[in-house]
Amino acid sequence: MALDNLALKKIVDKMQENLVGAFLEKPYALSLKHFAFPYHSSKDKTNSGRGVLILCLDSNNPFISYSFDKYTKIQLNTPFFNSLKKLTGTQIESIKKVEGERIVNIHTKVVNELLDTINTSYDLTIELFPQQPNCYLIPLPYNKVTSIFKEHNDIMSKRYIARGLSYILPEKRLPLDQTCQNLEQIKSYLSFSTYRLFEKYSQGKDFKTCLINLLNSKDLYLINNNIEPYHFSREDAKIIQIENIYSSYIQNQASLAKKLNNIDLINQVNKAIELNKKKQKHILQDIEKAKTRLVYKDYGQTLFLHQLEIKPNSKECNFDNFHISLDPKLNVIENANKYFKLYRKAKSAIEILTPLVDKTKLEIEYLQEKLLQIDKGNNQDILELKHELALEGYLKNNLNGKKIKKMGKASFKPHYLIGDNYKIGFGMNALQNEELTFNIARKDSLFLHVSNYPGSHVVILEGDNNSTRLLASELCLYLSNLTSGDVIYTYKSDVKKSKDKKGMVNLLSYKTFTISKIRETSIKLFDEILKNH
């Protein structure tokens, strides 16, 4: 939801107050449409004058803010993002909002001529229009657009802006003030969500008083996950500071960044899953088709039984409730043998194809497990996972020769959850799973895995008791993105390697443990462990 003009003005005024004089550092991408400019030496000393100026150009929710949090960078190499790096080392001189419009201009000056021998300053003009946000980089004294977030297509538009042209402001609109007399007049000034809140708030009250309260509000409020300029007498309205706006919208930026950084890998795994699902579908269709042809055995036997009753060169016959087509060029015995041959072919197809159903099912489960491991694993886990997928033939091994050679001889180290009285190991890819289960675990170590679902190997290495088994079972579900379900367990001596896939196992015997819901304390513990890893 786009910011209301009143809310945006408060944000910009606060940024003007605190960030003017700050120096911008090298920008980085938070997502494909979210960009961060670290800064230092700002007037706000809350975080020793340091922070991150954030620009969000998502069409569903464009906004600008700053934050004191730390974020995860994503790899991005677009022309627009690379152009933002020109602002590195410049000093913020002003941050202003265009009156009546959701347009913000950040003006920075070049303080070191060695960094930029051509330009003296830059204007970063940001349009936070609903559904159509945009951003333009304008170096001065050139005063022409050199970079655009999203190119315009309509060259006949009055505001057609392209690289090499001057930036054109929209026709001037007056801001909301106390001259508005009713809801109809105020509607064009407020965002949809803010208008709805004001409409409900002003019902049965003096309109002018409600308007003054809205205009005089000093704080920003979070209502229905939207940033609003007033509380509108709602109990669910919570005051929100500007530095917390980004985290209120993007609650897990690290997870988003990780997904984007691995988007190519995720797409390749998903593509392989879809190919195997199509393959499985075609195999099942071929099996069903072959099953319908098993009746050809009965056709052949019927033709032998009634061969004397069939006239030469007949094209069909009906016996024993069977309507049998005949080749008139063949005699009855030849037609019967033809059906026997088709029967044997259908039977053979069923025998060959049936095991392939289980094989493709195993491939799909294996690849679905890889998606879980990408989601939960750290950089090293994912590097090993790529190596694993290359060995399995799903990826071209893009690692250089030295890394491949080193990784081929390396011991793939699993992760550990360690407490005062227990030690639980778990793998984040098939290579770690095999290392944990078959090289580290003892014969009497307890092996756990989610029942009938992709997941990691979890092994209790020390402190095997009911409390540890409960925690290890919850860990199994957590690593599979489940909150409840069945977990199977057995001793490592009953776990055998599968010949089909790395990390896959066969269990000689096992028991089942049912978890109705993972405890909140366990989730916090697992979150912290993965964060530290």
Side-chain angles (χ1 to χ4, degrees), residues 1-20 55-56 61-66 92-107 123-136 158-159 167-245 248:
M1 186 69 70
L3 282 174
D4 183 82
N5 250 308
L6 294 174
L8 180 59
K9 186 177 187 305
K10 292 180 183 181
I11 293 172
V12 173
D13 288 347
K14 192 72 172 179
M15 293 175 71
Q16 168 73 10
E17 177 186 341
N18 291 332
L19 302 189
V20 168
L55 172 60
C56 298
N61 188 23
F63 65 93
I64 187 171
S65 66
Y66 63 86
I92 299 175
E93 282 200 321
S94 67
I95 304 176
K96 297 180 179 179
K97 177 184 175 298
V98 175
E99 192 178 64
E101 288 289 351
R102 280 174 270 200
I103 300 176
V104 179
N105 180 265
I106 300 176
H107 181 75
D123 278 337
L124 188 66
T125 301
I126 307 147
E127 297 177 344
L128 300 173
F129 300 152
Q131 303 302 319
Q132 294 179 325
N134 216 333
C135 185
Y136 309 84
K158 291 182 180 180
R159 290 193 70 238
Y167 179 77
I168 304 171
L169 281 169
E171 292 183 10
K172 187 174 181 179
R173 295 198 307 172
L174 295 175
L176 175 65
D177 57 28
Q178 296 183 29
T179 61
C180 279
Q181 301 297 319
N182 51 52
L183 285 173
E184 189 62 33
Q185 289 183 8
I186 203 175
K187 191 173 186 179
S188 62
Y189 291 97
L190 301 179
S191 69
F192 179 79
S193 65
T194 305
Y195 173 75
R196 288 297 183 195
L197 289 169
F198 183 83
E199 181 184 39
K200 188 173 182 180
Y201 165 69
S202 62
Q203 284 180 355
K205 300 188 181 90
D206 178 64
F207 178 85
K208 185 65 70 174
T209 301
C210 293
L211 177 58
I212 292 173
N213 290 341
L214 173 63
L215 293 173
N216 291 340
S217 173
K218 302 298 182 183
D219 296 312
L220 291 171
Y221 296 86
L222 187 64
I223 304 175
N224 296 329
N225 205 35
N226 293 322
I227 306 299
E228 299 293 351
Y230 186 53
H231 56 68
F232 299 105
S233 297
R234 290 175 62 102
E235 293 183 0
D236 60 341
K238 297 179 181 178
I239 292 179
I240 184 168
Q241 303 302 322
I242 292 174
E243 59 265 28
N244 297 324
I245 288 177
S248 73

ask   = Got Arg196 and Phe232 here, is their nearest side-chain heavy-atom distance under 4.5 Å?
value = no
query = Where is the tightest heavy-atom contact between Phe129 and Pro170, given as atom of each residue plus distance?
reply = CZ-CG, 4.4 Å
inquiry  = Under the rule for salt bridge (Lys or Arg N to Asp or Glu O under 4.0 Å), what residues qualify as partners of Asp219, not counting sequence neighbours?
reply    = none
task = Side-chain contact test, heavy atoms from C-beta onward, threshold under 4.5 Å: evaluate it for Glu228 versus Leu197 and give yes or no.
result = yes
request  = Please tell me if the side chains of Ile227 and Ile240 come closer than 4.5 Å, counting only heavy atoms from C-beta onward.
outcome  = yes
ask   = Any side-chain heavy atom of Lys97 within less than 4.5 Å of one from Asp13?
value = no
request  = Count the heavy atoms of every other residue, nucleotide or ligand shown that sit under 6.0 Å from NZ of Lys208, and state whether that count exceeds 12.
outcome  = yes
key: Electrostatic pair Glu127-Arg102, nearest N-O below 4.0 angstrom   = no
task = Spell out, as yes or no, whether a donor-acceptor pair under 3.5 Å connects the side chain of Asp4 to the backbone of Thr194.
result = no
note = Taking every heavy atom of Gln178 against every heavy atom of Leu211, the minimum-distance pair comes out as CA-CD2, 3.8 Å
remark   = For Asn5 and Arg173, the nearest pair of non-hydrogen atoms, with its separation, is ND2-NH2, 4.3 Å
note = Closest non-hydrogen contact found for Gln16 with Ile95 is OE1-N, 2.7 Å
message = For Ser217, is there any backbone N or O sitting under 3.5 Å from a side-chain donor or acceptor partner on Lys10?
response = yes
key: Side chains of Tyr230 and Tyr201, donor plus acceptor under 3.5 Å   = yes
query = Is there a donor-acceptor pair closer than 3.5 Å between any side-chain N or O of Gln185 and the backbone N or O of Gln181?
reply = yes
request  = Could you check Ile64 against Cys56 for side chain to side chain contact (heavy atoms under 4.5 Å, CB included), going step by step and ending with a plain yes or no?
outcome  = CA-CA 6 Å; Ile64 187 171; Cys56 298; over 6 Å; no
message = Looking only at side-chain N and O atoms, does Asn18 offer a donor or acceptor that is under 3.5 Å from a partner on Tyr66?
response = yes
ask   = Is a side-chain N or O of Asn182 found less than 3.5 angstrom from the main chain of Glu184, in a donor-acceptor match?
value = yes
query = Is any side-chain heavy atom of Leu220 less than 4.5 Å from a side-chain heavy atom of Ile239?
reply = no
request  = Please indicate whether Lys205 has more than 12 foreign heavy atoms, meaning atoms of other residues, nucleotides or ligands, lying under 6.0 Å from its NZ.
outcome  = yes
ask   = Shortest non-hydrogen contact from Pro62 to Pro133?
value = CB-CB, 3.7 Å
inquiry  = For the residue pair Asp177 / Thr179, report whether a side-chain donor-acceptor contact shorter than 3.5 Å exists.
reply    = yes
request  = Find out whether Leu183 and Ser202 are in side-chain contact, i.e. whether some heavy atom of one side chain is under 4.5 Å from a heavy atom of the other.
outcome  = yes
query = What is the distance from atom CD1 of Ile106 to atom OG of Ser94, rounded to the nearest 0.5 Å?
reply = 9.0 Å
key: Any side-chain heavy-atom pair of Ser191 and Leu3 under 4.5 Å   = no
inquiry  = How close do Ser248 and Asn225 get, counting heavy atoms only, and between which atoms?
reply    = O-OD1, 3.5 Å
key: Worked check of ring pair (Phe, Tyr, Trp, His ring centres under 6.0 Å) between Phe207 and Phe198   = CA-CA 10 Å; Phe207 178 85; Phe198 183 83; 5.7 Å; yes
key: Heavy-atom side-chain contact between Ser193 and Asn224 under 4.5 Å   = no
task = Return yes when atom CD of Gln131 has more than 12 non-hydrogen atoms of other residues, nucleotides or ligands closer than 6.0 Å, and no otherwise.
result = yes
